[in-house]
*Asks:* 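So that we are looking at the same thing, I have put the structure below in structure tokens.
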There are 2 protein chains.
Amino acid sequence: MHQNNHNLDEAAVHSLFCAHSLRFTRQRFAVYTALASEKVHPTADQLFQKLSRSESGISLATVYNTLEALVKSGLAQKLADGGTSARYDAAVDDHLHIRDCATGSLSDVPEALGQKLLDNLPQDVLKEIEDTLGFRISRMQIELIGEYTREAVEVN
Amino acid sequence: MHQNNHNLDEAAVHSLFCAHSLRFTRQRFAVYTALASEKVHPTADQLFQKLSRSESGISLATVYNTLEALVKSGLAQKLADGGTSARYDAAVDDHLHIRDCATGSLSDVPEALGQKLLDNLPQDVLKEIEDTLGFRISRMQIELIGEYTREAVEVN
DNA sequence: TGGTGTTTTAGAACTATTATAATTATAGAC
DNA sequence: GTCTATAATTATAATAGTTCTAAAACACCA
């Protein structure tokens with residue numbers, strides 16, 4: 001198995017799942033590592049394709065079930081695709097996404113840069129919004145929409 | 001405040017459409033005014049329901065066609081719903097959206113407040129992101145996700 | 001190892017959206 | 001106003017993405 005997952009050995013994922021009250025199964029392991037190893041946020045079907053190609057049969061329904069379980073337990077998040085289908089992301093914090101208009105792909109702004117932007121948001125204005133609207137902001141999603149001027153990092 | 005469409009009489013919309021090279025039709029007028037009068041960003045089907053109730057028969061396909069035409073001509077934008085279906089918005093600038101977790105509804109942060117936040121984004125960090133990634137940001141979408149602490153402004 | 005509750009699975013069902021092809025309406029020329 | 005070319009509307013069929021169902025396989029714990 002040639003995968004670019006860094007340190008996601010079975011034991012690590014097992015205890016991660018355990019910590020989130022998720023049963024460990026071969027399929028969930030496969031889905032989670034596949035998701036976590038993606039630089040671009042994949043759709044359920046893209047994950048299914050990828051998994052079908054590489055290993056053990058795994059059904060599309062299971063991909064959906066697993067993604068739902070991951071989201072519910074806080075190990076992944078579901079992102080709205082501008083288009084038809086949903087995209088998934090193994091990370092769970094606020095962070096910034098880049099949507100490349102040319103390809104429709106959705107990927108992350110590198111952590112450090114994204115954090116820098118988030119850290120420099122005007123907190124007072126956010127507070128004002130919360131107070132004025134009577135709304136409690138629990139999470140934030142920022143999407144930068146545009147095009148690569150140099151080259152696309154990766155095809156979707 | 002029943003409807004917040006300010007000055008959307010037929011003549012105004014006619015010239016607006018004209019300016020955007022869109023033929024004026026009874027149906028497009030209906031869809032556009034219905035969309036523009038919504039405080040919450042509706043799905044295609046919600047618009048269809050609303051229009052079916054009030055007036056002249058208009059088909060669901062036309063609602064989709066018209067929304068697509070409006071988006072293409074820059075008179076509306078399509079927003080990704082967290083869930084299954086897309087939502088539409090008659091405004092077209094960058095602006096902030098509020099997603100109410102409790103109801104799933106999507107609405108605007110009042111213009112003034114939203115603008116204040118956008119004006120206070122750290123431009124230097126945005127520039128750094130563009131330069132580092134070789135990406136040209138043409139639009140931005142910010143979604144504040146959370147719950148109303150006082151009361152929901154309106155049911156979706 | 002055996003029992004119990006959970007997960008997986010193939011396929012059916014469902015929902016949102018887009019395509020098709022015939023009909024009808026619009027805008028502009030006369 | 002009428003005519004004509006072109007574009008929009010419509011009902012319906014088709015497709016795509018996702019969820020549901022019920023049966024079989026599995027994980028966990030004793």
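Here is how names work: the chains are called A, B, and so on, in the same order as the sequence lines, proteins then strands, and each is numbered from 1.
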*Asks:* Between NE2 of B:His41 and CD1 of B:Ile98, what distance do you get to the nearest 0.5 Å?
*Replies:* 11.0 Å
*Asks:* Grab the NZ-C1' distance between B:Lys78 and C:dA16 for me, whole Å please.
*Replies:* 10 Å
*Asks:* How long is the straight-line distance from CD of A:Glu111 back to CD of A:Gln115, given to the nearest 0.5 Å?
*Replies:* 5.5 Å
*Asks:* On DNA chain D, reading 5' to 3', which nucleotide is the first and which the last to sit with an atom under 4.0 Å from a heavy atom of chain B, could you check?
*Replies:* D:dT6 to D:dA11
*Asks:* Send over the distance from B:Leu67 CG to C:dA16 P, rounded to a whole Å.
*Replies:* 15 Å
*Asks:* Can I get a per-line list of side-chain donor-acceptor pairs under 3.5 Å for residues 67-74 of chain B, giving both atom names and the distance, sequence neighbours left out?
*Replies:*
{"from": "B:Ser73", "atom 1": "OG", "to": "B:Ala69", "atom 2": "O", "distance (Å)": "3.2"}
{"from": "B:Ser73", "atom 1": "OG", "to": "B:Leu70", "atom 2": "O", "distance (Å)": "3.2"}

*Asks:* Grab the N/O contacts between the protein and nucleotides 13-15 of chain C below 3.5 Å, and write none if there aren't any.
*Replies:*
none

*Asks:* Please tell me if A:Ser59 has a side-chain N or O lying less than 4.0 Å from either OP1 or OP2 of C:dT9.
*Replies:* yes
*Asks:* Any side-chain N or O of B:Tyr64 less than 4.0 Å from the OP1 or OP2 oxygen of C:dT17?
*Replies:* yes
*Asks:* Just the rounded figure in Å: distance from P of C:dT17 to CG of B:Leu79.
*Replies:* 12 Å
*Asks:* Donor-acceptor check, side chain of B:Thr33 to backbone of B:Ala30, threshold 3.5 angstrom: yes or no?
*Replies:* yes
*Asks:* Compile the donor-acceptor pairs under 3.5 Å between side chains in residues 132-141 of chain A and protein atoms, sequence neighbours left out, one pair per line.
*Replies:*
{"from": "A:Thr132", "atom 1": "OG1", "to": "A:Glu128", "atom 2": "O", "distance (Å)": "2.6"}
{"from": "A:Ser138", "atom 1": "OG", "to": "B:Ile145", "atom 2": "O", "distance (Å)": "3.1"}

*Asks:* Could you check if a side-chain atom of B:Asp89 sits within less than 4.5 angstrom of a side-chain atom of B:Asp108, using non-hydrogen atoms only?
*Replies:* yes
*Asks:* Calculate, to the nearest 0.5 Å, the distance between atoms CD1 and CD1 belonging to B:Ile142 and A:Ile142 respectively.
*Replies:* 4.5 Å
*Asks:* Rounded at 0.5 Å granularity, tell me how far CZ in A:Arg28 sits from CD1 in A:Ile58.
*Replies:* 10.5 Å
*Asks:* Can you classify the ring geometry of B:Phe24 versus B:His14 as parallel (below 30°), tilted (30 to 60°) or perpendicular (above 60°)?
*Replies:* parallel
*Asks:* Considering heavy-atom distances to DNA chain C, does B:Glu68 or A:Val63 have its closest nucleotide positioned more toward the 5' end?
*Replies:* A:Val63
*Asks:* Just report the end-to-end axis angle for the helix from C:dT1-D:dA30 to C:dC30-D:dG1, five pairs per end, to 10 degrees.
*Replies:* 40°
*Asks:* What protein N or O atoms touch nucleotides 26-30 of chain C N or O atoms at under 3.5 angstrom, if any, and at what distances?
*Replies:*
{"from": "C:dT26", "atom 1": "O3'", "to": "B:Phe24", "atom 2": "O", "distance (Å)": "3.4"}
{"from": "C:dT26", "atom 1": "O2", "to": "B:Arg23", "atom 2": "NH1", "distance (Å)": "3.2"}

*Asks:* Under 4.0 Å between any heavy atoms, over every strand shown, what does B:Asp45 touch: base, sugar-phosphate, or nothing? Just pick one.
*Replies:* nothing
*Asks:* With rounding to the nearest 0.5 Å, note down the distance linking NZ in A:Lys116 to CG in B:Asp124.
*Replies:* 7.0 Å
*Asks:* Would you check if the side chain of A:Ser37 reaches a backbone N or O of A:Ala34 as a donor-acceptor pair within less than 3.5 Å?
*Replies:* yes
*Asks:* So, taking the atom named CD in A:Glu130 and the one named CG in B:Leu113, what distance separates them when rounded to the nearest 0.5 Å?
*Replies:* 11.5 Å
